[in-house]
Amino acid sequence: MTPIRLTNTKTRRKEGFTPISKDDVRMYVCGPTVYDRAHLGNARPVIVFDVLYRLLRHVYGPDHVTYVRNFTDVDDRINETAQKRKAAGAEGTLEQLISERADETIAWYHEDMDAVGALRPTQEPRATQYIAQMIAMIEQLIASGHAYAAEGHALFAVDSYKDYGALSGRTVDDMIAGARVEVAPYKRNPMDFVLWKPSPDDLPGWDSPWGRGRPGWHIECSAMAHELLGTAFDIHGGGNDLTFPHHENEIAQSTCAGHSFANVWLHNEMLQVEGKKMSKSLGNFFTVRDLLDQGVPGEVMRFVMLSTHYRKPMDWTEKKREEAEKTLRKWYTQVAGLETGTPPESVLTLLGDDLNTHGVLTECHRLSAENDIAGLRGSLALLGLLDSKIPDWAVEQAFDLTDVEAFLSDARVTAMETKDFSEVDRIKTALIALGIEVQMSKDGVKLTAPAGFDRAALEGVL
């Protein structure tokens, strides 16, 4: 069985992963608030934890892994969008418009995440489906002295949990100094956070012991994770922007409710664009759908994301996009027509070492250069870069001189190392027979095709 080591945010070290039960490996990842299209940064945790999901399924078996990723479908931004539609004359009640907006955005999210090769999680709960469980957990926290009711609110008492701040490594004083906390007269401590808050009559709300209202963000994930994965589960993941306050608050309220909660906490770093933080003000903000509509394949987005380790900032650049597309065209050409196989042990070892996807892509380059087509095909499948068939965008231009140049160049490098030039000679002879001029120098390989050349003829070369 392939060993897996993961960097646990809670212990701040890389640890061997041992599930609570090998027959029931369980993972929870914080999902989106469904008020608009997913931007490119939103896709990074989806891709990171999809790779982990694929690795866990490979190691423990698809039927022994449960992956839960939620949808937050009760939120001020969803309400605002629905209110604008209502004001613009949309038919239906505000509640209906809010529900329609959530449904619409979830459908968009599925389309876009499908496009970047993400498997659907085992379960995708909506927060509005678990209000009763949230209320029950809040009642339990109040009864045990870890929360209190005030002016229609229910709040978690941070002072009641001595380990608050352990995940993020901050003291409560540091948090107060560095955070924009809501100062309210009903709070006993400025850091106390909302578990339940009042909701006006014209917005979604549910009856509770504290009046009509709706849950705070943090209690949603704690309640859904407990309901679907149990008191203790293996992995909790998300972007590192969630470490504080969201995940810190989840740990506090879940622990105080008597739940062991997650053994391993995994966080991915953020995304940049051309070396800068992605923002609308800089004009470098775009959604996954924007890129898809511009003709950037989902597999290319995924490749670029995987080229950087998940714990390092990922810089999206046009150069990386171009290189990723060129590499994938070459690899897809090589493995065309081959059924999915088992990835080499070297690839499994790299991926098991804290999801070293960059190392796996480097290994794929080696497999390609050595013409280990079966190994390459299995590796691409494990990374989620190639499932059942070659994508249409790659098939349309599968055979191009630049691909053959790259293929021959790799073969030449391998030949110089092994002193076996038989593969280089075979390719060169086949190209010359097609009327293609072949030039090889220390600067690389250059091919020149005759006028009117049919690129489909290249299929027999690779």
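Hydrogens, waters and symmetry mates play no part in the numbers below; they use all other heavy atoms, side chains included. Nothing here was measured: the structure is a model prediction, and the numbers come from that model.
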Open item on the list: Can you confirm whether His358 is buried at NE2, in the sense that more than 12 heavy atoms of other residues, nucleotides or ligands lie under 6.0 Å from that atom?
Closed with: no
Open item on the list: Can you tell me if Lys277 has over 12 outside heavy atoms packed within less than 6.0 Å of its NZ?
Closed with: no
Just list the side-chain donor-acceptor pairs under 3.5 Å for residues 231-240, sequence neighbours left out, or say none.
| from | atom 1 | to | atom 2 | distance (Å) |
| --- | --- | --- | --- | --- |
| Asp234 | OD1 | Ile20 | N | 2.7 |
| Asp234 | OD2 | Arg26 | N | 2.8 |
| His236 | NE2 | Glu250 | OE1 | 2.9 |
| His236 | NE2 | Glu250 | OE2 | 3.4 |
| Asn240 | ND2 | Glu269 | OE1 | 3.4 |
| Asn240 | ND2 | Glu269 | OE2 | 3.2 |

- [ ] Identify the residue among Lys312, Arg311, Arg5 that makes a salt bridge (charged side-chain N to carboxylate O under 4.0 Å, His left out) with Asp354.
- [x] Arg311
Open item on the list: Evaluate Phe49 against Tyr67 for side chain to side chain contact (heavy atoms under 4.5 Å, CB included), listing each step before the verdict.
Closed with: CA-CA 9 Å; Phe49 290 101; Tyr67 174 19; 3.9 Å; yes
Task: Gap between atom CZ of Phe156 and atom OG of Ser222 - 0.5 Å precision - done: 9.5 Å
- [ ] State, without any angle test, whether His267 and Thr9 hold a side-chain donor-acceptor pair at a distance under 3.5 Å.
- [x] yes
Open item on the list: Test side chain to side chain donor-acceptor pair (under 3.5 Å) on Glu15 and Thr11; report intermediate values, then the result.
Closed with: CA-CA 9 Å; Glu15 303 171 337; Thr11 61; 2.6 Å; yes
- [ ] In plain terms, say whether Arg85 and Glu104 are close enough for a salt bridge, that is, a side-chain N and a carboxylate O under 4.0 Å apart.
- [x] yes
- [ ] Return the minimal non-hydrogen interatomic distance between Gly359 and Leu350, and the atom names on each side.
- [x] O-CD1, 3.5 Å
Task: His259 and Gln253: side chain donor to acceptor below 3.5 Å - done: no
Open item on the list: If we count only N and O atoms by modelled type, under 3.5 Å, do the side chains of Arg13 and Thr7 hold a donor and an acceptor together?
Closed with: no
Task: Salt bridge flag under 4.0 Å for residues Glu363 and Arg366 - done: yes
Open item on the list: With a 4.0 Å cut-off on N to O distance, would you call Asp50 and Arg120 a salt bridge?
Closed with: no
Using residues 55-63 as the side-chain source, report each donor-acceptor pair under 3.5 Å to any protein atom, sequence neighbours left out, with the distance given to one decimal.
| from | atom 1 | to | atom 2 | distance (Å) |
| --- | --- | --- | --- | --- |
| Arg57 | NH1 | Tyr53 | OH | 3.4 |

- [ ] For Thr243 and Ser168, test the side chains for any donor-to-acceptor distance below 3.5 angstrom and give the result as yes or no.
- [x] no
Open item on the list: Could you measure the distance from the CD1 atom of Ile219 to the OG atom of Ser254? Nearest 0.5 Å is fine.
Closed with: 7.0 Å
Open item on the list: Using a 3.5 Å distance criterion without hydrogens, assess whether the side chain of Lys428 forms a donor-acceptor pair with backbone atoms of Gln439.
Closed with: no
Open item on the list: Any heavy-atom pair between the side chains of Tyr310 and Thr357 that's under 4.5 Å?
Closed with: no
Open item on the list: Are there over 12 heavy-atom neighbours, none belonging to Glu339, within less than 6.0 Å of that residue's CD?
Closed with: no
- [ ] Could you list all the ring pair (Phe, Tyr, Trp, His ring centres under 6.0 Å) pairs where at least one residue sits in residues 4-26, not counting sequence neighbours?
- [x] none
- [ ] Could you tell me if the ring centre of Tyr109 sits under 6.0 Å from that of Phe71?
- [x] yes
TODO: Could you check Asn79 against Tyr35 for side chain to side chain donor-acceptor pair (under 3.5 Å), going step by step and ending with a plain yes or no?
DONE: CA-CA 9 Å; Asn79 296 342; Tyr35 67 96; over 6 Å; no
- [ ] Please report the C-alpha distance between Arg302 and Glu299 in whole Å, then the side-chain angles of each, then the deciding distance to 0.1 Å, and finally whether the salt bridge (Lys or Arg N to Asp or Glu O under 4.0 Å) criterion is met.
- [x] CA-CA 5 Å; Arg302 188 179 183 96; Glu299 294 87 354; over 6 Å; no
TODO: Would you check if the side chain of Thr255 reaches a backbone N or O of Ile251 as a donor-acceptor pair within less than 3.5 Å?
DONE: yes
TODO: Answer yes or no: is there a side-chain heavy-atom contact under 4.5 Å between Val194 and Lys197?
DONE: yes
TODO: Please work out which of the three classes, parallel, tilted or perpendicular, describes the rings of His218 and His246, given edges at 30° and 60°.
DONE: tilted
- [ ] With rounding to the nearest 0.5 Å, note down the distance linking CG in Asp241 to NE2 in His247.
- [x] 8.5 Å
Open item on the list: Please find the pair of heavy atoms, one from Leu292 and one from Pro297, that lie closest to each other, and give the distance.
Closed with: CD2-C, 4.4 Å
Task: Any donor-acceptor N/O pair, Asp315 side chain to Glu274 backbone, under 3.5 Å - done: yes
Open item on the list: Under the side-chain contact (heavy atoms from CB on, under 4.5 Å) test against Arg37, which residue among Asp112, Val288, Asp290 passes?
Closed with: Asp112
